[in-house]
Novice: 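Following this message is one structure expressed as structure tokens.
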Amino acid sequence: METHRPHFLDLPFSFLFSPRAPFSFPASTTHRPFFFFSSSMAPVTRRTSFPRVIIERDSDSEQSSSEEEEEAPEEEEEDNDDGVTTENGKTQKLEAGSDPNRKGKSPITISLKKVCKVCKKPGHEAGFKGATYIDCPMKPCFLCKKPGHTTLTCPHRVSTEHGVIPAPHRKASKPLEYVFERQLRPAIPTIKPKYMIPDQVHCAVIRYHSRRVTCLEFHPTKNNILLSGDKKGQLGVWDFGKIHEKVVYGNIHSCILNNMRFVPSNDCMVYSASSDGTLSCTDLETGISSSSINLNPDGWQGPNTWKMLYGMDINFEKGLVLVADNFGFLHLVDMRSNHKTGDAILIHKKGSKVVGLHCNPIQPEILLSCGNDHFARLWDVRRIEAGSSLFNLEHKRVVNSAYFSPISGSKILTTSQDNRLRIWDSIFGNMDTPSREIVHSHDFNRHLTPFKAEWDPKDPSESLAVVGRYISENYNGAALHPIDFIDISTGQLVAEVMDPNITTITPVNKLHPRDDILASGSSRSLFIWKPKEKSAPVVEKDESKIVVCGRAEKKRGKKGGDDSDGSDDERFISKPKKSKSKKTEWKLSQCTTKGKH
DNA sequence: AGCTGATGACCCC
DNA sequence: TGGGGTCCCTCAGC
């Protein structure tokens, strides 16, 4: 292997020691050569006082691991004194002392032996080998977060029934639970329907949004309309029945659009909560919006005072929009006046983000909230005040989402950043511990939209949920991140759907309220999935390419496949790229024709 | 192809 | 309680 010579060795030493030398060691570098620390160092003449430099190369990359392991302990100790990890991930060992002019100094030896890029220790390497990711064995399992094994050997590795941690069985003891078992439970079918899994991309808009997608919402009555929000605050309205009919409204919010809800009495109107601190109500026909709340009327006064709106839901019976901010407060908006009503109520730890709100579908005054204080909390909106929660559901990390089951409203499903889905089978029963925990890879990553497990609103047994997977799997040579369908009553993985052309992670997923359709947002693109037999594959790549894709079984390449937009695949039809200015024009022209659907 | 930037949770002091 | 360092299987643009 051709070794990479550290770039600073190519520089003349005088330049190297200049205080204005235009480079620095990476911030992550923990061990620096002694000479970089001596700020008070006297000027040096390179010929007389600088030690000789010896480069020790890892010439044989096939060197046996046992050999490396034997050497490792010694190297580690020496590393503490004078080792350097360079940007190319190789260890350089600097030995001082062989210069005859300087007593006690040996020559600087630079070792280019490979080290693990995760823990910086030699003897193993972490990272992608082709499409398979090799974990660093020094770290806890990436999936279940427990030490002693890696993801590859994790007992919770997503397959069937391995991820479930059942709560200890408890007998029904509370009167409410008794009532539930007698009256409500019989209404929930125990025999599960045959799931129709939307597992094939039916149509898509590639690079529809200019930033990553943050939320999705199906139109309550028009079956082919999908709303999407993005990190920039833009709101997309796409008629996926007529693939080319799509609008992006860019003037509603100025940053992240966190949540959307249709107004139940008027399905042209949609409320949206944004990190710009406003709750807006937008007419989808005209694109005209009005702010119901603006929490930052005085503009930017610094990050400590800037308020953002996250969780949001509508209580139609009371005519209320409930929206929560990043300081732990709940705000109420009267839909008739479109103005704030009452004072903000502290519902989560002061100063923590409240990322999710959900009104119970049967009893809308029962509110479920979740947030960064590691709790999901149940409230009665009729008597809500700070500290008045009915139940506090503890989690080990941030709770990305908490939803009541869509039909009976008696179950709760939460997604937490500790890589676990939690299910409470009955809000009338024991709420101290979840009924089940399902280990599932949906890690937090600051560059991704947080994962949220979503119920299938059509499943009468209330046991099917969909959630994107963070961790990748090697599928015929491509590292893909599937979307998982999980039977939350057993923890079983019902289906994992993926497409070789979707190489990005898909954290945002929503199942259609009436049809066997899954909408997913991955990076800046939207996908509509249907069950295989119903699919007629058509994909549009926004104004730069028209592509057609289906469920191909073969794809060769390294991690994530290649990024060539599949130009090696004859199902892709390329169109010449248009300029950025035309892109804007296109969006504007689409906005003027929005009244059609 | 390899670098860069955007930028959230969490931990420690 | 707040600031700074660290974590990191991202993604897209150059």
Novice: What pairs with F327(A) under ring pair (Phe, Tyr, Trp, His ring centres under 6.0 Å), at least two apart in sequence or on another chain?
Specialist: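 Residues passing ring pair (Phe, Tyr, Trp, His ring centres under 6.0 Å) with F327(A): none at all.
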Novice: How many angstroms lie between atom CZ of R524(A) and atom CZ of R211(A), to the nearest 0.5 angstrom?
Specialist: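 Between R524(A) CZ and R211(A) CZ, I get 7.5 Å after rounding to 0.5 Å.
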Novice: Ignoring the backbone of I505(A), work out which of dG8(B), dC11(C), dC9(C) is nearest its side chain.
Specialist: dC11(C)
Novice: S352(A) side chain to N372(A) main-chain N or O, any donor-acceptor pair under 3.5 Å?
Specialist: no
Novice: R524(A) has a side chain; which of dC9(C), dC11(C), dA12(C) sits nearest to it?
Specialist: dA12(C)
Novice: Is it the case that D499(A) and N501(A) place a side-chain donor and acceptor less than 3.5 Å from each other?
Specialist: yes
Novice: How long is the line joining NE2 of H447(A) and C1' of dC8(C), in whole Å?
Specialist: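 Between C1' of dC8(C) and NE2 of H447(A): 7 Å.
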Novice: Which nucleotide, dC9(C), dG8(B), dT10(C), lies nearest any side-chain atom of F444(A)?
Specialist: dG8(B)
Novice: Rounded to whole angstroms, how far apart are OH on Y133(A) and C1' on dT10(C)?
Specialist: 13 Å
Novice: To the closest 0.5 Å, what do you measure between CD1 (I486(A)) and CD1 (I423(A))?
Specialist: 8.5 Å
Novice: Ignoring hydrogens and geometry beyond distance, is the side chain of T504(A) in donor-acceptor contact with the base of dC11(C) at under 3.5 Å?
Specialist: no
Novice: Taking only the side-chain nitrogens and oxygens of K350(A), find out if one of them lies under 4.0 Å from OP1 or OP2 of dT1(C).
Specialist: no
Novice: Determine whether a donor-acceptor pair (N or O, by modelled atom type, separation under 3.5 Å) exists between the side chain of N296(A) and the backbone of Q301(A).
Specialist: no
Novice: How long is the line joining NZ of K139(A) and P of dC9(C), in whole Å?
Specialist: 9 Å
Novice: Are the side chain of S441(A) and the backbone N or O of I471(A) linked by a donor-acceptor pair below 3.5 Å?
Specialist: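 Looks like yes, one N/O pair under 3.5 Å.
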Novice: CE of M308(A) versus P of dG8(B): gap in Å, rounded?
Specialist: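 Answer to the nearest Å: 7 Å.
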Novice: Could you tell me the separation between the CZ atom of R211(A) and the C1' atom of dT10(C), rounded to a whole number of Å?
Specialist: 14 Å
Novice: Whole-Å distance between dT7(B) P and K231(A) NZ?
Specialist: 4 Å
Novice: Taking the P atom of each, how far is dA1(B) from dC9(C), in whole Å?
Specialist: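 Here dA1(B) and dC9(C) have their P atoms 23 Å from each other.
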Novice: So what stems show up for DNA chain B if we need 3 or more Watson-Crick or G-U pairs in a row, all under 3.5 Å?
Specialist: B:2-6 with C:10-14, B:8-13 with C:2-7
Novice: Examine the side chains of S228(A) and W238(A) and answer whether a donor and an acceptor come within less than 3.5 Å of each other.
Specialist: no
Novice: Taking the cut-offs as 6.0 angstrom to the six-membered ring centre and 45 degrees off its axis, would you call K145(A) and F142(A) a cation-pi pair?
Specialist: yes
Novice: Specify the separation, in whole Å, of atom CZ of F451(A) and atom C1' of dC8(C).
Specialist: 13 Å
Novice: Given that S523(A) and N304(A) both sit by DNA chain C, which one's nearest nucleotide is further toward the 5' end?
Specialist: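 Here N304(A) is the residue nearer the 5' end.
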Novice: Please check if any side-chain donor atom of H442(A) sits under 3.5 Å from a side-chain acceptor atom of T415(A), or the reverse.
Specialist: no
Novice: Could you state the atom-to-atom distance from CD1 of I502(A) to C1' of dC11(C) in whole Å?
Specialist: 15 Å
Novice: Using a cut-off of 4.0 Å on non-hydrogen atoms, how would the nucleic acid contact of K353(A) be classed: base, sugar-phosphate, or nothing?
Specialist: sugar-phosphate
Novice: Output one line per pair: protein atom, nucleotide atom from nucleotides 10-12 of chain B, and distance, for all N/O pairs under 3.5 Å.
Specialist:
{"residue": "dC10(B)", "atom": "OP1", "partner": "H374(A)", "partner atom": "NE2", "Å": "3.4"}
{"residue": "dC10(B)", "atom": "OP2", "partner": "H374(A)", "partner atom": "NE2", "Å": "3.4"}
{"residue": "dC11(B)", "atom": "OP1", "partner": "R397(A)", "partner atom": "NH1", "Å": "3.0"}
{"residue": "dC11(B)", "atom": "OP1", "partner": "R397(A)", "partner atom": "NH2", "Å": "3.4"}

